[in-house]
Each structure stands twice: as C-alpha cells, then as structure tokens.
Amino acid sequence: MDFSYDVIVVGAGHAGCEAASAAARLGSKTLLITMDMNKIGQMSCNPAVGGIAKGQIVREIDAMGGQMGQITDRSAIQFRMLNRSKGPAMWSPRSQSDRKRFIEEWITTLSSTGNLHIWQDVVCELLIKDNTVCGVKTALGIEMRARAVVLTNGTFLNGLLHFGRTQLSGGRVAEPASTGITEQLISLGFTADRMKTGTPARVDKRSIHFEKMTEQQGDHDWHRFSYLDTIGRGLKQMSCWITYTNPNTHDMLRNGLADSPLFNGQIKSIGPRYCPSIETKIITFADKDAHQLFLEPEGVDSNEYYVNGFSSSLPWQIQWQALRTVKGLEDVVLYRPGYAIEYDFFDPTQLKHTLETKKIANLFFAGQINGTTGYEEAAGQGIVAGINAHLNVHGGKPFTMARDESYIGVLIDDLVNKGVDEPYRMFTSRAEHRILLRQDNADSRLTERAYKLGLADSYRYQLYTDKHAAIDMLTNYLQANSVKPAVVNAYLESVGATPLQQTTKLLDLVLRPQVNLVDLANIVPDLQEKIACIKRSGEEVVESTEINIKYEGYIRREQLAAEKLQRLDKIIIPASFDYNTLQSLSTEARQKLSRIRPATIGEASRIPGVSPNDISVLLVLMGR
C-alpha cells in the first residue's frame with residue numbers, strides 16, 4: 001500500500017472533514033486520518049449547527065462549495081431563523097440535527113469523494129525536514145508522506161476530562177487523548193497553552209414531563225442552509241422544550257461547589273465566558289433566581305435529549321439531584337453526566353492568513369487547535385486550510401478572505417492578528433461590516449471566487465447566476481412600474497403606513513419599512529405574475545431583492561468604508577522589516593509587530609496595542 005499523498009488531514013471533526021473534502025475535490029490526493037471512522041463529523045456537544053453569526057459562517061461554507069450546509073439540511077430535525085425581529089444583518093439560521101444522521105451523511109459524502117482516502121489510526125509525530133513538513137508518523141509505526149499536513153486535533157491534544165474530582169485522560173468521553181504532537185511542536189519553538197470547554201448531561205426522553213414545559217417549534221418555511229435547490233429537509237421535524245432552573249436548583253448546585261473542578265483549583269485553564277457552566281452562572285449571576293434551559297432532541301429515533309444551558313463538571317450525583325428540582329425533570333434519568341475537558345491549543349498569531357504556520361512550511365492548523373470553539377468556526381477554518389494546502393502543493397495564489405468579504409475572514413484575521421485569551425466564538429458584533437455579511441448574500445460574496453478556484457461546481461455557479469439575474473429583473477420591474485392608490489391603500493392602512501395620494505413606483509413602496517414585498521405581490525397581480533415566472537429559488541430571490549432595496553443606503557455606506565480600509569491591506573510590509581530599529585514606534589508596537597509579523601499595513605492596524613500613531617509612522621516609512 002502506497003502511503004504517499006499530496007495532503008494529509010489529521011482529525012475528522014468539522015474542520016478536518018471540510019479540509020479533506022476541499023483539498024480532494026480541488027485535485028489533491030488526500031488522506032484523512034481519524035481515531036474512529038464511526039465518529040466522523042461527530043457533534044461532540046450540542047446536536048445543532050448555526051446560530052448567531054455561526055449560521056452566516058455555514059452559509060459561507062456552502063456558498064464556496066463546502067459540505068456543512070448540505071449535510072445539516074439533510075440531517076435537520078428543526079430549523080429556525082433567529083433574530084427575525086431585527087434587521088437582516090442579524091438574521092442567523094440555526095438547525096437541530098439528528099446526531100446519528102449527521103455522522104452518516106458525512107461518512108457517505110467523504111466516502112464518495114474522489115482523491116480522498118480514510119485511515120483509522122492516531123498520529124503521534126510530524127515528519128519535518130528543513131523546516132518543512134513532509135508527513136506524519138502514526139501509533140502503528142507507519143510513516144506516511146505528504147507535501148502538506150493539516151492538523152485539526154480538536155480537544156484531543158493531551159485532553160483531560162473532569163467529572164467532579166474524577167479525572168480521565170481523553171479527547172471526548174470514552175475516546176483516548178492524543179499525545180506527542182504538542183511536545184514536538186513546543187520543541188520546535190511553537191507557543192502552546194491550555195483551554196477548557198464543557199458539555200451538559202444527556203437525559204432519557206421517557207423520564208421527561210414535557211407537559212410541564214413550553215414547546216418551541218421550528219420554522220416551516222423555505223429557508224435552509226444550502227443554496228443548492230437539490231437539498232431539502234426530509235426528516236421528521238421535532239420540537240425543543242423550554243424550562244427554568246429555580247432557587248432550589250441553585251441551592252443544590254452550591255452544595256457541590258467544593259467538588260467543582262472550576263472552583264477547587266483542579267481546572268486552571270481558560271474557559272468560554274459566553275457559554276458558562278451552570279455552576280459559574282449561579283456565582284456570576286447570584287441575583288438571578290432562574291436560568292433558561294432548552295431540552296433538545298438528539299435524533300428522530302433516539303430517546304436522548306441534550307440539556308442546553310446546564311453545562312457542568314460537578315459530580316454526577318449533584319448534577320442529577322439538581323436537575324430533578326427543575327420543572328419537568330422531577331423524575332429525570334441520566335444517560336451520562338456533563339463534564340469539562342482541558343486540552344492544548346497553539347497561539348494563532350503563529351499562523352499566516354492562509355492558516356499555514358509561520359515556523360514550518362506546508363503545515364496548517366484549523367479548529368480548536370487555534371483556540372476557537374464551535375463546529376462552525378472549525379469548519380470555516382477547515383475549508384480555508386484545505387484550499388491552501390492544495391494550493392501550496394500544486395501552485396497558485398494563496399487563498400485569503402477579507403473582513404468585508406466574510407465572517408470566516410473576520411474570524412481568521414482576529415486569530416492571526418489578535419490571538420486569543422479565551423475560546424474564540426464568532427458574534428455579529430465582531431464584524432464591523434456586518435450589513436455586507438448577511439446570511440442571504442453569501443453566494444454573491446463567495447461563489448464566483450470558489451468557482452474560479454474549482455471548488456464550487458458549474459451547477460452551483462449556474463444557480464448563482466440565475467438567482468442574481470432574477471434579482472436584477474425583479475428590481476428593474478419594481479423601478480419601472482407603478483401602482484394606483486386604490487389598489488394598495490387598504491393594505492397600507494392595515495400595516496400602519498401612510499396611504500398614497502397619487503400613482504407611485506412599486507420600488508418606492510418597497511422602501512417603506514412596513515411594506516412586505518410578498519404581501520404587495522398578493523394585491524398587485526402583475527407583480528405576482530412576475531415573481532411566479534422566477535424558475536429557481538423564487539422565495540430567496542424575493543427576500544434578497546427586498547433587503548437590497550430597503551438597505552441600499554446602509555449597504556453603500558459600508559462598501560465605501562470597506563474600500564478605504566482595503567487600501568491599507570494593499571500596502572505590503574517587507575517580511576524582513578526590522579521594527580526594533582524604529583524608536584518612533586511605541587515599545588508595545590515594536591514588540592507585537594516583531595512577534596506577529598503582519599504582511600500588510602492593514603493587518604498591522606488590527607493588532608491590539610498598535611496605535612493610529614504607530615500606523616502613521618509605518619505609512620511614512622512605506623512612502624505613503
């Protein structure tokens with residue numbers, strides 16, 4: 001058997017699956033190495049994809065020809081568009097998935113991908129020559145050669161599980177940790193640290209009193225993750241359920257704090273501030289009498305439910321007793337308790353924007369190894385790393401993404417320029433141009449780039465061009481055609497809008513915040529007929545057209561602001577530039593610029609501690 005490849009991807013989580021799929025589909029002979037072929041694409045924590053800003057990332061992955069959106073749609077058991085009460089920049093798709101089906105869909109997808117091979121083993125060493133990676137060595141003693149390697153180790157690097165005072169080595173419950181790689185990379189000069197994450201208990205559906213809880217159904221409209229019109233939700237749709245902790249719950253939890261790894265000094269690493277454990281919540285928010293919990297189904301044919309909001313590493317007895325004080329969970333039976341996990345990560349300022357390491361050529365990091373958390377953040381990094389691993393092997397311009405182009409671009413730029421001091425999670429607030437980075441327009445931002453790269457296929461590209469031709473057609477129709485007051489005034493009054501006094505362009509009506517394009521079409525037959533003529537993704541065309549019209553001023557303003565910042569990103573800083581000779585720079589700026597080595601003035605401007613005055617100094621030195 002020939003163990004020689006163009007690209008080797010280590011780890012088959014969300015980052016690894018996207019990286020391997022991208023590299024192979026672009027034409028690289030690719031090997032995906034995983035500890036367990038039955039857990040490819042495992043949803044280690046919540047059985048859901050998307051959410052605030054995360055949903056936008058999945059739409060971006062799909063627009064580029066990645067797999068996560070399609071697999072999520074095929075395994076979906078509940079879909080919701082979050083934040084619909086806010087502006088479209090905040091709309092975020094989220095889907096509950098059937099955990100088992102999600103894995104099956106990934107296995108089927110990867111198994112049918114040309115150029116992609118899978119090997120079950122553990123990587124314990126990188127093969128490096130002349131500061132360039134040239135393969136890996138596995139626990140079975142096999143040396144596998146590759147021209148590029150992508151590490152997507154998740155929580156497995158020296159992973160340590162905490163169940164109260166009980167500690168177990170592992171990357172996930174019942175799965176072994178990975179050793180050797182961290183130690184080797186540190187010996188090569190890499191900086192590593194530890195992070196912590198956690199997960200809630202899983203409980204038996206048959207022991208839950210749903211009648212005491214509030215039902216939360218999903219949306220039943222046309223929205224989905226994938227832009228492909230061949231993908232749909234085929235599984236039974238299921239509800240989630242809402243309940244709350246109470247003072248009795250909090251008292252029970254406080255009784256166990258002495259055995260909490262988070263409070264007795266057992267855990268010393270950094271945990272996620274925005275997704276705290278339940279024991280952290282009752283200390284940090286001591287004035288609150290209740291915390292919301294979501295009971296989320298794990299699958300259509302499963303009795304397992306996920307208790308979202310009750311992440312904990314307390315002893316299992318305390319978790320069980322506390323849960324039984326919650327309304328609807330008085331008789332709850334556990335499948336397994338929650339636990340915390342500590343694992344190694346590497347300072348992401350040691351990476352280029354391609355996610356290639358600066359110290360070792362052709363070695364890429366993606367996912368939690370970079371200090372991020374979340375399936376979506378991992379998958380976004382994975383597709384970028386896979387693309388660039390392929391390009392490094394076969395030649396081509398490095399593939400990077402700008403902050404005004406994608407949330408993935410914001411994510412990577414933040415990691416590379418700012419580093420992390422806690423597990424990094426994407427929020428809409430991290431994107432200064434979020435009106436440009438909406439979930440509805442990811443295809444217009446990214447599909448053409450991916451098509452030219454060879455990752456998005458011709459069918460996807462044709463869908464994209466058809467959609468945008470339809471948007472132009474509909475917009476032009478609204479600009480060219482008018483409506484009389486008698487036709488629309490009753491509708492306008494019903495939605496609280498001022499009635500018309502004279503014939504008015506349809507586009508001017510759509511500009512009104514109270515007016516909905518779909519409702520308008522229902523009372524203007526010619527408009528309804530025009531929409532009915534749209535062959536593909538008619539609902540998506542209507543939604544995008546309306547957003548473009550209503551927010552045109554905001555969009556244009558953001559585009560102008562982004563263009564100004566892009567100029568700084570075009571000013572290259574020589575790789576050998578010696579910042580230490582510039583006494584006109586602040587001491588902090590000299591230190592950080594010397595360590596991070598930004599490639600452009602724009603990157604330098606986004607490094608914390610580098611002031612506008614420091615940037616002015618650099619601009620003068622660059623002749624600007």
Side-chain angles (χ1 to χ4, degrees), residues 5 7-24 28 30-45 61 66-68 71 102-103 106-107 109-111 113 116-127 133 135-140 142 144 146 148-159 170-182 184-185 192 195 197 341 343-346 348 351 355-357 362-389 423:
Y5 301 90
V7 177
I8 289 177
V9 179
V10 180
H14 305 277
C17 287
E18 290 290 357
S21 173
S28 284
T30 304
L31 178 67
L32 177 62
I33 303 177
T34 176
M35 290 182 178
D36 189 341
M37 289 177 60
N38 296 311
K39 292 183 178 177
I40 288 174
Q42 169 75 301
M43 305 179 97
S44 305
C45 197
I61 292 168
Q67 304 297 331
M68 187 179 229
I71 286 169
F102 191 89
I103 292 173
W106 258 122
I107 292 173
T109 297
L110 296 177
S111 298
T113 299
L116 180 57
H117 307 267
I118 301 173
W119 180 262
Q120 184 167 299
D121 204 341
V122 177
V123 172
C124 54
E125 183 181 344
L126 299 170
L127 303 179
V133 73
V136 301
K137 184 176 181 179
T138 75
L140 294 178
I142 303 171
M144 300 175 170
V149 173
V150 184
L151 294 184
T152 69
N153 303 79
T155 59
F156 283 79
L157 293 179
N158 293 316
R172 282 190 293 250
V173 67
E175 295 182 62
S178 173
T179 61
I181 292 178
T182 296
Q184 181 187 12
L185 289 173
M195 278 189 176
T197 189
I341 178 170
Y343 57 94
D344 296 337
F345 79 99
F346 291 86
L351 302 174
L355 297 180
E356 182 184 16
T357 68
N362 293 342
L363 176 63
F364 296 80
F365 293 171
Q368 284 176 289
I369 192 173
N370 291 334
T372 63
T373 184
Y375 311 145
E376 305 81 6
E377 289 89 343
Q381 294 170 71
I383 195 169
V384 172
I387 290 169
N388 282 298

Quiz item: Under the side-chain contact (heavy atoms from CB on, under 4.5 Å) criterion, do Phe102 and Gln42 qualify, and how do the steps go?
Solution: CA-CA 8 Å; Phe102 191 89; Gln42 169 75 301; over 6 Å; no
Quiz item: What are the two closest heavy atoms between Gly367 and Thr372, and how far apart are they?
Solution: O-OG1, 3.1 Å
Quiz item: Is there a donor-acceptor contact under 3.5 Å linking the side chains of Asn153 and Ser178?
Solution: no
Practice problem: For Cys17 and Ile40, work out which heavy atoms get closest and say how close. | Solution: SG-CG2, 3.5 Å
Quiz prompt | Euclidean distance, Leu363 CG relative to Thr357 OG1, rounded to 0.5 Å | solution = 4.0 Å
Quiz item: So, Thr138 side chain and Leu140 main chain: donor-acceptor pair closer than 3.5 Å or not?
Solution: yes
Quiz prompt | Rounded distance [0.5 Å steps], OG1 in Thr179 versus CG in Asn158 | solution = 6.5 Å
Self-check item: salt bridge (charged side-chain N to carboxylate O under 4.0 Å, His left out) partners of residues 376-388, not counting sequence neighbours, each pair once
Solution: Lys54-Glu376, Lys54-Glu377
Self-check item: Reported CG-to-CD distance for the pair Leu185 and Glu125, which is rounded to 0.5 angstrom
Solution: 10.5 Å
Quiz item: Nearest heavy-atom pair of Gly154 and Tyr343: which atoms, and what distance?
Solution: O-CD1, 4.0 Å
Quiz item: Just by modelled atom types, is the Cys45 backbone N or O under 3.5 Å from a matching donor or acceptor in the Tyr375 side chain?
Solution: yes
Self-check item: side-chain contact (heavy atoms from CB on, under 4.5 Å) evaluation trace for Leu126 with Gln184
Solution: CA-CA 8 Å; Leu126 299 170; Gln184 181 187 12; 3.6 Å; yes
Quiz item: Between atom CD of Glu18 and atom CD1 of Ile71, what is the distance when rounded to the nearest 0.5 Å?
Solution: 7.0 Å
Self-check item: Where Thr182 and Ala192 come nearest, the two heavy atoms and their spacing
Solution: CG2-CB, 4.3 Å
Quiz item: To the nearest 0.5 Å, how far apart are CG in Asp344 and CD1 in Ile181?
Solution: 10.5 Å
Practice problem: Please step through side-chain contact (heavy atoms from CB on, under 4.5 Å) for the pair Lys137 and Leu127, ending with a clear verdict. | Solution: CA-CA 7 Å; Lys137 184 176 181 179; Leu127 303 179; 4.3 Å; yes
Quiz item: Can you name the ring-ring contact (aromatic ring centres under 6.0 Å, His included) partners of Phe346, sequence neighbours left out?
Solution: Phe365
Exercise. For the pair Leu355 and Asn388, evaluate side-chain contact (heavy atoms from CB on, under 4.5 Å) and give the outcome as yes or no after the intermediate values.
Key: CA-CA 8 Å; Leu355 297 180; Asn388 282 298; over 6 Å; no
Quiz prompt | Heavy-atom closest pair, residues Gly41 and Ile103 | solution = O-CG1, 4.1 Å
Quiz item: Any sub-3.5 Å donor-acceptor pair from Thr152's side-chain atoms to Val10's backbone N or O?
Solution: yes
Quiz item: Do you know which two heavy atoms are closest between Ala379 and Met68, and how far apart they sit?
Solution: CB-SD, 3.7 Å
Quiz prompt | Spatial distance of atom CD (Gln368) from atom CD (Gln381) [nearest 0.5 Å] | solution = 9.5 Å
Quiz item: Can you pull the salt bridge (charged side-chain N to carboxylate O under 4.0 Å, His left out) pairs that have at least one residue in residues 35-44, sequence neighbours excluded?
Solution: Lys39-Glu175
